Colleague: 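What follows is a single structure, and I will ask about it in a moment.
These figures come from a predicted structure and were not determined experimentally. Heads up: numbering here begins at 1 and tracks the sequence.
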Amino acid sequence: MVESVHHHRSTLKQQNKSFKSKHATKSALRDAAKGRVPRQSPKASSTNNNASQLRHNRRNTAKQSQAKKRSALVSATRLFNGVDGAPRIVAVVPLSDDINSAKAIAALAKSLDISTEDVPEKGIWKMKADRFKTSLQFLSLPYKDFYSTLDACKAADYVLFLLSPTVEVNDWGDTLLRTLQAQGLPTVVTAVAADDSIDPKSRQGILKSLLSFIQYFVPTQTRVYDLHSSSDRLNALRALSEGKPDDARWREGRSYLVAEDFEWEASDGQEDEGTLKVTGIVRGTSLSANRLIHIPNFGDYQISKILSAPLPRRSKSHANGDMEIEPTILAEPDSENADSLVSSNDPDDMANEQTWPTEEEMQGVGDEQDMEDSLPDAKNGTTPKTVRKIPKGMSEYQAAWIVDDDEEDGDKEDGDSDKENGSEEMKEDVEEEEMVDMPMEDDDEIESRRTVAFEDLDNEEEDKQFQSWRNRKREEEDDLNFPDEIDTPQDVPARTRFQRYRGMRSFRTSPWDPYENLPRDYARIFQFEDYKRTERAVRRRAEEEIGTIEPGTRVTIHIHNVPKQAATQSSSPLILFAVLQHEHKVSVLNFTIQRNTEYEGSVRSKDPLILCVGARRLEVNPIYSQHTRGGGKGANNVHKFERYLRHGATYVATIYGPVVFGKQPCVLLRKSETDEQAPHLVAMGTFHDPDTTRVIAKRIILTGHPFKVHKKTATVRYMFFNAEDIAYFKPIQLHTKYGRTGHIRESLGTHGYLKAHFDGPINQMDTVCMSLYKRVFPKWATLWKDARIKNTSARQDESGDAMEE
């Protein structure tokens with residue numbers, strides 16, 4: 001018997017690796033890689049270079065970066081270098097009434113032992129700082145000269161804010177700082193006026209407190225210089241004399257000039273218009289004689305020629321030591337490429353099939369007595385024709401729009417007001433909010449009212465009661481609680497009252513023709529086929545134009561057809577801004593704005609405001625609309641009209657105004673009660689686009705009460721008051737505040753009841769709404785003029801009339 005051998009079953013199935021050849025060929029390795037390239041490790045590459053090679057590379061890179069920065073600084077400050085270098089413009093802005101700009105400039109000049117006897121209280125003073133190899137041109141500004149300060153800071157390389165160690169900055173200074181912050185500031189230097197009465201121990205605490213204050217408006221400030229200390233005066237002067245000043249973004253690609261001297265010469269046969277000769281140094285970019293020149297408070301003008309204006313040279317052979325150099329003509333406008341002063345189109349009324357009054361109708365045909373005499377006598381048995389009194393100077397055509405006293409009550413809410421242009425929107429809104437049901441009076445109250453004697457109030461009391469009756473705050477609160485909701489008038493048919501409104505199935509996607517029923521102002525404006533492409537072409541042509549004046553050149557610009565007031569204006573300094581091509585033409589401008597959080601007044605669409613954008617100031621009546629998320633146009637470029645400008649949101653303000661290129665900052669100001677007070681800063685923002693196809697749709701909501709409800713069907717009342725209106729508005733979709741949508745089925749009875757069907761069960765406490773839309777348009781903007789210039793021109797006109805008499 002053979003014994004069997006026992007074997008354990010193997011549980012591990014080990015497989016050894018296949019043999020790999022240590023000497024594979026290159027082709028075999030390439031085939032095995034299948035196109036993959038191994039990544040080289042940075043650590044492995046660093047091991048190939050020794051420490052000395054790495055140190056050399058770092059030093060070389062740092063040297064190249066340093067040379068590049070030095071070259072950029074030299075090229076940026078080349079304008080201020082040399083014997084004939086342009087001076088650095090410093091706008092000296094006092095923020096308190098106890099500060100004198102001239103004394104602060106004298107304190108700075110004292111640190112360099114320069115005589116300061118001729119420092120003006122207001123104007124330009126030039127100082128040569130040989131220690132810093134440059135020169136400074138101070139623009140001395142008086143306190144409470146708001147708009148002159150804005151213009152000076154637009155052209156300045158540095159802004160020197162002067163703070164008082166004893167007097168706090170009031171509302172005027174706070175508004176000025178906020179406006180300058182929104183406008184855009186160059187390099188800012190802050191100093192404290194010298195005051196010997198301050199205790200030296202408390203001076204450091206005052207400087208620390210003032211630094212915290214100015215950092216709220218200019219966060220880049222790290223120090224406040226004390227003009228009482230000689231070392232601080234020298235350091236402040238060094239900060240103004242060395243380095244490259246920061247550039248304001250809105251000045252990129254634009255040239256400007258600060259007038260060192262100017263004179264006005266009357267033209268042949270004209271006393272009020274002439275040639276303004278302005279001498280100064282060209283700054284910014286190259287100046288072209290073909291472009292227009294903007295003079296603040298006066299508008300745009302053409303250049304007749306540009307002459308050189310070099311400073312006198314020192315000569316040993318000359319008796320007086322200075323040798324005058326004759327000016328030469330540097331540039332003249334090209335008749336083919338020069339910009340014209342045409343800012344708007346001349347609409348062809350006959351082509352538009354509109355009839356307008358003739359000159360004879362506008363001027364009138366006679367006075368009141370002649371009209372009364374020319375009326376024939378009425379025949380017997382007929383009613384005599386009523387003679388309407390026409391105000392003096394008004395034509396018969398204009399008198400046709402005067403409402404008689406006996407017809408005023410009946411026509412107050414007539415639908416003809418909706419046939420007017422978009423400029424009547426404010427009146428229309430007031431009418432809509434005043435349509436409320438008046439309580440009925442009994443006979444006793446009527447009789448007692450008839451017996452009460454009429455009391456004529458004085459003007460002050462009448463204005464006080466009128467302002468209390470027209471409470472703007474109450475209107476704004478009602479619009480916030482019940483946005484766009486109005487009451488349907490009972491005495492005027494709704495189809496007449498709201499005949500210019502339309503219904504929209506979807507506000508976001510429903511189409512709206514942007515060229516339908518445009519006002520006459522749209523025939524006057526210009527529009528761009530491609531705004532961005534036009535802007536790029538304008539800037540490219542400005543860079544490539546031949547015969548321009550380079551920055552840093554001292555020139556004398558001859559500007560023709562300038563009024564005499566431009567040379568005798570009280571505001572200073574005189575600053576000229578070059579206008580890019582097409583920037584004189586008027587179009588529809590849209591600005592994205594945000595309301596100032598510190599301003600608590602009511603701001604309504606079409607309220608008169610002052611718009612500061614770039615170098616211009618305009619009197620505007622903007623209309624506000626919602627800003628689409630992301631800044632796009634949406635599916636149909638229709639945007640909802642906003643009656644009020646509210647806090648905490650971004651809106652789009654639309655006006656008619658001159659075209660703007662670039663993302664220019666804008667500021668909206670409201671005129672204060674007195675000229676001594678600073679204007680109110682209402683809002684600030686940037687220029688968005690000149691989109692003429694942007695549709696701003698005003699919405700009104702007619703509401704009704706569900707009188708009887710049966711599941712999805714409801715009987716609605718108080719939305720309309722006659723069956724004809726229900727038939728007229730029947731195609732428009734209804735909606736409720738709880739989210740239901742429906743349509744009008746039929747009219748019930750003769751008192752305006754209607755039956756409506758909805759997409760779901762309706763609640764008895766719900767409100768039925770109908771949204772109607774109408775496109776609105778802004779008003780035409782005009783050039784803003786300083787009140788002092790207006791008063792001067794008014795006095796000149798009065799004196800001229802007196803001389804003629």
Side-chain angles (χ1 to χ4, degrees), residues 123-124 139 147-148 150-152 154-155 254-284 287-309 327 329-335 337-344 549 553-581 583-586 614-619 658 781-797 799-800:
I124 299 177
L139 305 182
Y147 295 105
S148 296
L150 294 184
D151 291 337
K154 290 177 183 177
R254 302 173 184 275
S255 59
Y256 56 96
L257 182 143
V258 178
E260 300 177 4
D261 187 19
F262 59 88
E263 62 175 333
W264 183 83
E265 181 181 347
S267 300
D268 297 337
Q270 296 182 356
E271 298 181 356
D272 296 335
E273 291 186 354
T275 302
L276 181 64
K277 305 175 183 179
V278 183
T279 302
I281 298 177
V282 178
R283 299 175 182 272
L287 177 64
S288 173
N290 294 326
R291 305 285 82 84
L292 300 178
I293 289 292
H294 178 77
I295 304 177
N297 302 325
F298 294 96
D300 301 338
Y301 298 92
Q302 291 178 321
I303 297 176
S304 58
K305 59 183 177 180
I306 302 178
L307 303 178
S308 63
I329 299 178
L330 299 179
E332 288 182 333
D334 187 1
S335 58
N337 299 325
D339 294 342
S340 66
L341 292 175
V342 177
S343 61
S344 61
I549 310 301
T553 308
R554 195 169 188 269
V555 298
T556 299
I557 303 177
H558 290 230
I559 310 171
H560 59 77
N561 295 334
V562 179
K564 187 177 181 180
Q565 299 174 8
T568 59
Q569 61 178 350
S570 57
S571 61
S572 64
L574 177 61
I575 302 174
L576 306 181
F577 297 94
V579 178
L580 295 178
Q581 188 180 13
E583 280 194 329
H584 182 65
K585 296 179 173 60
V586 177
R616 303 182 188 274
R617 277 193 294 270
L618 304 172
E619 292 184 357
T782 58
L783 179 68
W784 179 88
K785 289 189 177 181
D786 197 341
R788 294 169 297 184
I789 299 177
K790 292 181 180 180
N791 296 335
T792 303
S793 60
R795 288 194 296 268
Q796 291 177 355
D797 294 341
S799 61

Colleague: Of the options Val282, Leu287, Ile295, Val258, which is the one that meets Leu576 in a side chain to side chain contact (heavy atoms under 4.5 Å, CB included)?
Modeller: Ile295
Colleague: Provide the closest heavy-atom pair for Ala289 versus Pro333 in the form atom of the first, atom of the second, distance.
Modeller: O-CB, 3.5 Å
Colleague: Nearest heavy-atom pair of Ser340 and Leu292: which atoms, and what distance?
Modeller: O-CD1, 3.7 Å
Colleague: Please determine if Glu260 and Arg554 form a salt bridge, counting it only when a charged side-chain N lies under 4.0 Å from a carboxylate O.
Modeller: yes
Colleague: Measure the spacing between CD1 of Ile293 and OG of Ser255 and express it to the nearest 0.5 Å.
Modeller: 6.0 Å
Colleague: Any idea which heavy atoms bring Asp334 and Asn290 closest together, and the distance?
Modeller: N-OD1, 2.7 Å
Colleague: Could you measure the distance from the CZ atom of Arg283 to the OG1 atom of Thr553? Nearest 0.5 Å is fine.
Modeller: 11.5 Å
Colleague: May I have the step-by-step check of side chain to side chain contact (heavy atoms under 4.5 Å, CB included) for Tyr301 and Ile559, ending in yes or no?
Modeller: CA-CA 7 Å; Tyr301 298 92; Ile559 310 171; 3.4 Å; yes
Colleague: Can you see which heavy atom on Leu783 is nearest to which on Gly299, and at what distance?
Modeller: CD2-N, 3.4 Å
Colleague: What is the distance from atom CD1 of Ile549 to atom OG of Ser308, rounded to the nearest 0.5 Å?
Modeller: 9.0 Å
Colleague: So how far is it from Leu276 CG to His560 NE2, rounded to the nearest 0.5 Å?
Modeller: 12.0 Å
Colleague: Identify which one of Leu341, Val562, Asp339 satisfies the side chain to side chain contact (heavy atoms under 4.5 Å, CB included) criterion when paired with Gln302.
Modeller: Leu341
Colleague: Testing His294, Arg254, Arg291 one by one against Glu583 for a side chain to side chain contact (heavy atoms under 4.5 Å, CB included), which residue passes?
Modeller: Arg254
Colleague: Specify the closest pair of heavy atoms between Ser267 and Thr275, including all atoms of both residues, with the distance to one decimal.
Modeller: OG-N, 4.2 Å
Colleague: Please indicate whether Asn561 has more than 12 foreign heavy atoms, meaning atoms of other residues, nucleotides or ligands, lying under 6.0 Å from its CG.
Modeller: yes
Colleague: I'd like to check Leu330 versus Leu307 (side-chain heavy atoms, cut-off strictly below 4.5 Å). Are they in contact?
Modeller: no
Colleague: Any donor and acceptor pair, going by atom type alone, linking the side chain of Lys585 with main-chain N or O of Pro658 inside 3.5 Å?
Modeller: no
Colleague: As an exercise, state the distance from OG1 of Thr279 to CD1 of Ile557, rounded to the nearest 0.5 Å.
Modeller: 9.0 Å
Colleague: I need the Lys277 NZ to Phe262 CZ distance, nearest 0.5 Å.
Modeller: 14.0 Å
Colleague: With a 4.0 Å cut-off, would you call Lys564 and Glu273 a salt bridge?
Modeller: no
Colleague: Assess whether salt bridge (Lys or Arg N to Asp or Glu O under 4.0 Å) is satisfied between Arg616 and Asp300, documenting all intermediate values.
Modeller: CA-CA 10 Å; Arg616 303 182 188 274; Asp300 301 338; 3.0 Å; yes
Colleague: Could you tell me which non-hydrogen atom of Pro563 sits nearest to which non-hydrogen atom of Phe298, and how far apart they are?
Modeller: CG-CD2, 4.0 Å
